[in-house]
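What follows is one structure encoded as structure tokens, with my remarks underneath.
Counting starts at 1 for both ligands and their atoms, in listed order.
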Amino acid sequence: MEIKLIDIPKAHDVRGNLAVIEGNSIPFEIKRVYYLYDVPSGAYRGGHAHKKQQSLVLALSGSFEVIVDDGVKRERIMLNKPNVGLYIPTNIWREIENFSSGAVCLVIASTEYEEAEYIRDYDEFLSSKR
Ligand code: TYD
């Protein structure tokens, strides 16, 4: 599986939008949901890769940029739509920055939280890719 943007199906009518994320719209089974909010301007988040975890990252409100790095190529992706998620497979280094005021970053993950499956050192990440 590759890094990709996934459109989240939505029901639109005069009352607004209702977006639904369920089993068959993302490439993994959901084990955990967490979100970042009240992020001060200038803050930097992420700065890790995962040995097991796959995730879908969404800007539920506001905007931010996600840097994804597979060890060879580094890409910067702006997320600013509540119905578009960035799918990040295992073993991809990610950083998140340039949060707008009021931004809410939702992360849907394929694993429960387990610090041992994090790679928080960039050089270690690069060596794991070789
Ligand atoms: P961290 O991984 O540094 O956040 P980010 O990648 O968004 O910058 O996590 C911040 C703190 O929260 C750290 O002490 C670990 C804890 N944490 C949990 O307890 N459970 C979780 O599911 C996550 C993602 C983090």
Side-chain angles (χ1 to χ4, degrees):
M1 274 289 178
E2 306 230 315
I3 297 166
K4 61 179 176 184
L5 290 170
I6 295 180
D7 285 325
I8 308 301
K10 67 177 184 211
H12 166 78
D13 65 36
V14 289
R15 301 167 300 165
N17 291 317
L18 185 157
V20 186
I21 300 171
E22 56 189 340
N24 56 9
S25 53
I26 57 175
F28 56 83
E29 205 177 309
I30 299 168
K31 278 278 172 55
R32 176 170 49 121
V33 173
Y34 66 93
Y35 45 95
L36 308 173
Y37 64 101
D38 284 351
V39 179
S41 72
Y44 160 97
R45 308 276 332 196
H48 45 79
H50 295 266
K51 296 175 193 164
K52 297 188 203 157
Q53 186 190 294
Q54 305 168 63
S55 54
L56 187 77
V57 180
L58 295 105
L60 280 197
S61 182
S63 66
F64 49 81
E65 292 178 324
V66 187
I67 294 149
V68 278
D69 179 336
D70 63 6
V72 178
K73 198 172 66 169
R74 186 166 264 253
E75 221 181 321
R76 177 180 289 272
I77 297 160
M78 151 88 83
L79 293 181
N80 58 6
K81 294 193 187 95
N83 70 318
V84 176
L86 176 65
Y87 169 68
I88 307 181
T90 51
N91 276 308
I92 300 290
W93 184 264
R94 91 285 316 272
E95 295 166 19
I96 314 179
E97 62 184 17
N98 292 327
F99 286 84
S100 70
S101 116
V104 179
C105 171
L106 181 74
V107 181
I108 296 175
S110 69
T111 59
E112 287 174 8
Y113 176 67
E114 186 193 341
E115 186 57 39
E117 69 91 29
Y118 277 67
I119 303 176
R120 292 190 183 268
D121 181 83
Y122 187 69
D123 290 335
E124 187 189 331
F125 163 71
L126 289 181
S127 333
S128 79
K129 290 299 227 178
R130 280 184 214 118

Amino acids in close contact with ligand 1, where any non-hydrogen atom sits under 4.0 angstrom away = Arg32, Tyr34, Leu36, Arg45, Gly46, His48, Tyr113, Tyr118, Arg120
Taking Ser110 for the side chain and Gln54 for the main chain, is one N or O donor matched with an acceptor at less than 3.5 Å?
-> yes
Would you mind checking if Arg76 and Glu97 are paired as a salt bridge, meaning a charged N to carboxylate O distance below 4.0 Å?
-> yes
Phe28/Leu56 under side-chain contact (heavy atoms from CB on, under 4.5 Å): CA gap, chis, key distance, verdict | CA-CA 9 Å; Phe28 56 83; Leu56 187 77; 4.2 Å; yes
For a side chain to side chain contact (heavy atoms under 4.5 Å, CB included) with Leu58, tell me which candidate from Val84, Val107, Ile21, Ile6 qualifies.
-> Ile21
Please determine if Arg74 forms a cation-pi arrangement with Tyr122, meaning its NZ or CZ atom is less than 6.0 Å from the six-membered ring centre and no more than 45° off the ring axis.
-> yes
Report the residues that fulfil side chain to side chain donor-acceptor pair (under 3.5 Å) with His48, sequence neighbours left out, ordered by chain and then residue number.
-> His50
